[in-house]
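Naming: A, B, ... by sequence-line order, numbering from 1 per chain. Worth saying up front: this structure is predicted, and the values here are computed from it rather than measured.
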Amino acid sequence: MPELPEVETIVRALARRVAGDAIVSVWLGEKPEPLKSLAPEIAAALQRSRIIAVRRVGKQIVFDLEAGKGSARAARGHGPAARVRPAAAESRTQRQWVVHLGMTGRLLVSAPEAPVEPHTHAIVRLASGRELRFVDPRRFGRLSVTGGDAGLATGSEPLDVDFERFAGLFRKRKTPIKSALLNQKLLRGVGNIYADESLFRAGIRPRRRAASLTRDELRRLRRALRQVLNAAIAAGGSSVADYVNADGDQGLFQFEHRVYQRDGEPCLVCGAVVKRVLVAGRGTHYCPRCQR
DNA sequence: ACTATGTCCTGCGAGC
DNA sequence: TGCTCGCAGGACATAG
């Protein structure tokens with residue numbers, strides 16, 4: 001399941017390979033309902049646009065688009081607003097294509113002759129001859145188009161947030177710390193794997209009420225989260241289930257997991273049996289001895 | 001304003 | 001061996 005490190009890995013590969021490329025044509029499938037109703041808007045924004053940049057916002061992949069000749073910008077030229085707009089603004093990014101991979105979504109850079117996989121919901125043909133393909137068997141992924149930053153996750157970036165702000169996110173929260181870590185309005189990009197792994201490394205039980213954490217524990221948690229996310233990015237993400245990067249390659253960080261999906265096995269630090277419980281409806285793994 | 005729970009969706013593995 | 005069933009989970013909707 002793509003979380004921050006997996007999305008970061010994908011985004012870096014996409015930035016290398018499709019940034020600057022022009023979009024020649026777009027095909028959108030009929031299947032996922034949200035995509036179906038948004039299809040005309042998405043197609044209109046993508047057609048004949050150029051990809052200026054690819055970046056990550058939480059778990060979202062954001063393609064900054066520049067409208068090409070004969071599309072959105074030309075249409076706007078007839079309105080009065082275009083006349084007062086300075087020339088510099090004309091070349092600025094106007095729209096973003098936002099991709100959320102959900103659970104099983106994959107965004108692949110493919111050769112046109114490569115066979116189209118089952119559950120392919122979108123194909124974007126690029127001027128370079130490559131194709132960008134969105135494949136998602138379970139259809140939890142989402143595609144959308146936005147202007148400005150509306151529709152992007154609002155939480156703090158876990159790798160950027162300073163300690164005081166981090167601590168402030170959990171103040172007065174009665175929800176379990178694990179649930180708080182998963183809340184994208186607080187921190188954006190943390191999912192089930194890295195919530196469990198960071199809590200283990202910080203020595204904190206997942207069910208602890210967020211507001212009950214001491215400043216020392218919060219410091220440990222922030223440090224553990226940064227370390228685990230950075231290490232996972234360096235390893236190209238965790239390939240559990242079916243995550244692969246934009247080139248179809250697997251990550252390596254699943255071999256570094258200390259508790260996630262290791263229930264019943266001995267804790268690598270103390271030897272106690274790793275437990276699995278349900279928190280916020282999510283499988284939650286922890287060491288009953290190392291985590292308090 | 002929070003918090004907790006249900007919902008979507010398909011592939012896979014456990015169990016009979 | 002082959003089937004059914006239940007689980008996996010990110011984000012959002014809804015209920016409390």
- Message: By nearest heavy atom, map A:Phe140 and A:Lys174 onto DNA chain B; which one lands nearer the 5' end?
- Response: A:Lys174
- A:Arg138 vs A:Ala280, nearer the 5' end of DNA chain B by closest nucleotide: A:Ala280
- To the nearest 0.5 Å, what is the distance between CZ (A:Phe166) and CG (A:Leu186)? 10.0 Å
Which whole-number value in Å describes the distance from [X] [atom1] to [N] [atom2]?
| X | N | atom1 | atom2 | answer |
| --- | --- | --- | --- | --- |
| A:Lys178 | B:dA4 | NZ | P | 14 Å |
| A:Lys185 | B:dA4 | NZ | P | 15 Å |
| A:Leu101 | B:dC8 | CG | P | 22 Å |
| A:Leu182 | B:dT5 | CG | P | 15 Å |
| A:Asp136 | B:dC8 | CG | P | 17 Å |
| A:Lys172 | B:dC2 | NZ | P | 7 Å |

- Message: Please give me the minimum heavy-atom distance between A:Ser239 and A:Gly251, naming the atom from each residue.
- Response: OG-N, 2.7 Å
- pair A:His119-A:Arg106: side-chain heavy atoms closer than 4.5 Å: no
Below 4.0 angstrom from OP1 or OP2 of [N], is there any side-chain N or O of [X]?
| X | N | value |
| --- | --- | --- |
| A:Thr175 | B:dA4 | yes |
| A:Arg139 | B:dC8 | no |
| A:His119 | B:dG11 | yes |

At under 4.0 Å between heavy atoms, what does [X] touch on the DNA or RNA strands: base, sugar-phosphate, or nothing?
| X | result |
| --- | --- |
| A:Pro176 | sugar-phosphate |
| A:Tyr260 | sugar-phosphate |
| A:Arg209 | sugar-phosphate |

- Note on the structure: residues 210-222 of chain A vs salt bridge (charged side-chain N to carboxylate O under 4.0 Å, His left out), sequence neighbours excluded, gives A:Glu164-A:Arg215, A:Arg208-A:Glu217, A:Asp216-A:Arg220
- Shoot me the first and last contacting nucleotide of DNA chain C against chain A, ordered 5' to 3', at under 4.0 angstrom to non-hydrogen atoms. C:dA8 to C:dA11
- Between A:Tyr194 and A:Ser238, is a side-chain hydrogen bond (donor to acceptor under 3.5 Å, both in side chains) present by the stated rule, with each step listed? CA-CA 10 Å; A:Tyr194 300 102; A:Ser238 300; 2.7 Å; yes
- Message: Keeping A:Glu197 on the side-chain end and A:Val259 on the backbone end, is there a donor-acceptor pair under 3.5 Å?
- Response: yes
- Flag if over 12 foreign heavy atoms under 6.0 Å of CZ, A:Arg165: no
